[in-house]
Student: 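Take this structure first; my questions come after.
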Amino acid sequence: MYRASNFIPDPNQVLLDAKPLRSLAPMFPAPMGVNVNQSSTPPLVCVTPVGQFSAGFGAGTSANGAIDATPISAYKTRSNISLDGDDDPYSGNQTERKPRRGRPPGSGRDGSNGKLKRPKPTYKNFVAGKELAFLAASSDPRDIVEAVHMTFEALRRRHLQMDETQDASRRADLKAGAIMMASNIRANSGKRVGTVPGVEIGDIFYFRMELCVIGLHAPSMGGIDYMTSKFGNDEDSVAICIVSAGGYENDDDDTDVLVYSGQGGNSRNTEERQDQKLERGNLALERSLHRKNEIRVVRGFKDPFCLTGKIYIYDGLYKIHESWKEKTRSGINCFKYKLLREPGQRDGAALWKMTQKWIDDPATRGRVLLADLSSKAETIPVSLVNEVDHEKGPAHFTYTNQVKYVRPLSSMKKLQGCGCQSVCLPGDASCACGQHNGGDLPYSSLGLLSCRKPMIYECGESCNCSTNCRNRVTQKGPRLHFEVFRTTNRGWGLRCWEPVRAGSFICEASTYVSADEFEPLPIKISAKNMGNVSRFMNHSCSPNVFWQPVQYDHGDDGHPHIMFFALKHIPPMTELTYDYGVAGAESSGSGSRRTKNCMCGSQNCRGLF
DNA sequence: GTAATATCAGAGTA
DNA sequence: CTACTCTGATATTA
């Protein structure tokens, strides 16, 4: 049953969700609902591999400014329940229907026969803008777009988690979108032709609402975004952005060409199909052909990592070069538009396609110095590449993904287990592990971390559930094709072939040297002589990875596993970086903690770390 | 088991 | 207010 409170975000949650930039606590990079009062989440101090950082300097920038978020007075209100009358679009006006596949009418998940509508959410008097005003600590468009994007994702994952506990609608994407829109937490809300500030080619998305909130493509479902624009003295309606979701199937290997089908013709409410008309988006596309204006293109593909999902990739600017009419298989006239990618732009969808090929067949990845840096320690080989200079590889070290404990594992406190049959399920009050994590399972069904916590407790040996249980994520190890690569000015770095969704597990900090007890500050990762891929992760003041303590094989919170997760969506081949923490944090031990000049090059760069 | 195809509730914009 | 749409989640069937 629906409860209004499901939809009212905890203001603290949103407040923190909306704090991805360096505002109060730069060491909390994750906009994922960290409890601000927690004292147990230290910055991560890392002893970097030798020679990783060359001398240089990073320019410190003072970042201040506001996002284009203005306070809202109230969210929409709505009635509790409404009975829908006789507007059932499937009840009449039907041509003869042959038996068909798919679910029969009225077989929705709530068995409501399509008549009883689920009440719409209420966001009553929720003043988000005030809390969110400090969301942006930067006026850089990229920072704003990333802040908005991350806020959306944080809200979506948290709402998905809450909705699973209740048996509510699972459209967490729409809920997150509604909150963002109602609070005016969005970027680039005005329409424009051409590039959108802060949005870069290759940026990836998983929901249409994401495109909407960052101002890349306004329609929540429609494929053609258009506006009226002045050309000299006359106005014209021109297309500004299209989403090519593959729905009209144009087999293309040539990523610089896109044949886009016009809209219309297959009405959703009737069986009848009719010719497409030269109106709305189609007209705008036609006028764009005439005006030769640039059109943004977002390409959608089936996401190989999510059976039902799609991945959207911003592929930059195109221009329409010709249009024609074509009879489709179902016999209607359809408009076709041939778009060519404007030259001189970096790869977007093409890069994704290339890395997908590598994933299918790693041998197709050329220029490899070493096929598996891990020497089979990892399930998936870690390739070593250098496309920059003549260095043959990092200084010698022993690859290990084993964690060293100060005491033998057997002597540690046991982690309490659950008695769940088969797998743990959300909303199961009898699941001890769910309770241990504060009442919710920490990961989504896709294995994405829902919300950052002081500690995550995965199911372990003493649990009754199977290894398929969704509360076993990091213990299964990394599932990415990592690549240790030569950077231009930061020694070796780490990246991977897959696009990585925000909240995805990346890898463990294999050899961090903890003190006798887990001290809030600082954790030290020693990567000198041993380690796994994490030792190649460089520092950035605008990181895309954060770390999170996780337990699964013992119950001693003094010695947690340190696990890395994606802070934001990370396009393939993007360097993975995390915030090493604030320089000058008290350091003990080998004395190797020296301030280093930061080479991250981000707008928020502190200059040192 | 899985791929295809159906339903259905949607949100933003014109 | 309504129509429109290259959604996204889920159920059912081939």
Side-chain angles (χ1 to χ4, degrees), chain A residues 2 76 78 82 84 87-91 97-121 156 160 163-164 167-182 186 189-191 205-213 215 217-228 237 239-250 258-271 274 276-277 279-285 297-303 306-312 328 334-337 444-446:
Chain A
Y2 166 79
K76 310 165 209 168
R78 52 108 191 225
S82 76
D84 199 9
D87 63 346
D88 182 353
Y90 303 98
S91 60
R97 275 196 188 176
K98 299 187 188 85
R100 44 159 76 157
R101 290 186 287 185
R103 65 146 73 135
S107 62
R109 63 188 300 274
D110 57 357
S112 63
N113 200 26
K115 299 260 179 182
L116 186 62
K117 285 201 171 163
R118 181 175 282 110
K120 288 191 160 230
R156 190 193 67 83
L160 187 65
D163 290 351
E164 278 185 334
D167 191 32
S169 153
R170 305 285 164 85
R171 290 300 298 268
D173 57 323
L174 298 184
K175 279 175 204 164
I179 293 167
M180 304 284 285
M181 288 298 185
R186 52 195 296 193
S189 48
K191 294 203 176 195
F205 310 89
Y206 293 86
F207 293 93
R208 290 288 301 268
M209 284 305 293
E210 294 173 69
L211 308 178
C212 200
V213 294
H217 185 92
S220 57
M221 297 171 77
I224 306 167
D225 195 4
Y226 59 100
M227 67 183 288
T228 53
S237 140
I240 53 176
C241 185
I242 60 173
V243 177
S244 163
Y248 288 72
E249 216 43 67
N250 297 293
L258 174 65
V259 176
Y260 193 80
S261 306
Q263 62 190 189
N266 32 12
S267 172
R268 286 198 327 128
N269 290 344
T270 64
E271 287 278 301
Q274 46 191 278
Q276 292 186 345
K277 296 191 187 72
E279 57 187 24
R280 297 190 186 87
N282 297 346
L283 180 60
L285 286 167
V297 168
V298 178
R299 290 190 183 245
F301 301 95
K302 208 172 104 59
D303 182 2
C306 171
L307 281 92
T308 60
K310 276 199 189 120
I311 179 170
Y312 296 98
T328 65
C334 168
F335 292 105
K336 294 278 184 179
Y337 300 89
S444 78
S445 55
L446 290 173

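Quick note on labels: first sequence line is chain A, next is B, and so on, each numbered from 1. As the structure is a computational prediction, the values presented were derived from the model and not from experiment.
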Student: Rounding to a whole Å, what distance do you find between A:Lys277:NZ and C:dT5:P?
Tutor: 9 Å
Student: Between A:Arg280 and A:Ile224, is a side-chain contact (heavy atoms from CB on, under 4.5 Å) present by the stated rule, with each step listed?
Tutor: CA-CA 9 Å; A:Arg280 297 190 186 87; A:Ile224 306 167; over 6 Å; no
Student: Starting at NE2 of A:His217 and ending at C1' of B:dA14, how long is that distance when rounded to a whole Å?
Tutor: 14 Å
Student: By nearest nucleotide on DNA chain B, pick out whichever of A:Tyr226 and A:Ser220 is the more 5' one.
Tutor: A:Ser220
Student: Going by the rule ring pair (Phe, Tyr, Trp, His ring centres under 6.0 Å), which residues pair with A:Phe205 if we only count those two or more places apart in sequence or in a different chain?
Tutor: A:His149
Student: Taking NZ from A:Lys175 and P from C:dG8, how many angstroms apart are they, rounded to a whole number?
Tutor: 16 Å
Student: In terms of side-chain heavy atoms of A:Arg208, which of B:dG10, C:dT7, B:dG12 is nearest?
Tutor: C:dT7
Student: Between the main-chain N or O of A:Asn282 and the side-chain N or O of A:Tyr337, is there a donor-acceptor pair closer than 3.5 Å?
Tutor: yes
Student: If you only use heavy atoms from C-beta on, which nucleotide in B:dG10, C:dT10, B:dA14 is closest to the side chain of A:Lys191?
Tutor: B:dA14
Student: Want to know the stems of DNA chain B: at least 3 consecutive Watson-Crick or G-U pairs with distances under 3.5 Å, which are they?
Tutor: B:2-9 with C:7-14, B:11-14 with C:2-5
Student: How many Å lie between CG on A:Asp303 and P on C:dC6, as a whole number?
Tutor: 21 Å
Student: With a 4.0 Å limit, can you tell me whether A:Gln263 has a side-chain N or O closer than that to the phosphate oxygens OP1/OP2 of C:dC6?
Tutor: yes
Student: Which heavy atom of A:Ser261 sits nearest a heavy atom of A:Lys336, and at what distance?
Tutor: OG-NZ, 3.0 Å
Student: Looking at C:dC6, B:dA11, C:dA9, which one has an atom nearest to any side-chain atom of A:Ser261?
Tutor: C:dC6
Student: Please work out if A:Asp225 contacts a base, only the sugar-phosphate, or nothing of the nucleic acid, heavy-atom cut-off 4.0 Å.
Tutor: nothing
Student: Hey, which sits more toward the 5' end of DNA chain B by its nearest nucleotide, A:Arg171 or A:Gly177?
Tutor: A:Arg171
Student: Quick check: do A:Tyr206 and A:Asp303 have side-chain heavy atoms less than 4.5 Å from each other?
Tutor: yes
Student: Of A:Gly222 and A:Asp173, whose closest DNA chain C nucleotide lies nearer the 5' terminus?
Tutor: A:Gly222
Student: Starting at NZ of A:Lys302 and ending at P of B:dT5, how long is that distance when rounded to a whole Å?
Tutor: 14 Å
Student: Within the distance-only criterion (no hydrogens, no angle test), does the side chain of A:Tyr260 pair as donor or acceptor with the backbone N or O of A:Val243 below 3.5 angstrom?
Tutor: yes
Student: Classify the nucleic acid contact of A:Gly223 as base, sugar-phosphate or nothing, counting any heavy atom under 4.0 Å across all strands shown.
Tutor: sugar-phosphate
Student: Taking salt bridge (Lys or Arg N to Asp or Glu O under 4.0 Å) as the test, write out the residues that go with A:Arg156, two or more places apart.
Tutor: A:Glu153
Student: Rounding to a whole Å, what distance do you find between A:Glu210:CD and C:dT7:P?
Tutor: 14 Å
Student: Please report, rounded to the nearest Å, how far the P atom of C:dT10 is from the CG atom of A:Leu446.
Tutor: 10 Å
Student: Write down the distance between CD1 (A:Ile224) and P (B:dA14), rounded to a whole number of angstrom.
Tutor: 14 Å
Student: Closer than 4.0 Å, any side-chain N/O of A:Tyr312 to the OP1 or OP2 of C:dT7?
Tutor: yes
Student: Can you check whether A:Cys212 reaches A:Met181 side chain to side chain, under 4.5 Å on heavy atoms?
Tutor: yes
Student: Closer to the 5' end of DNA chain C via nearest nucleotide, is it A:Arg280 or A:Lys310?
Tutor: A:Arg280
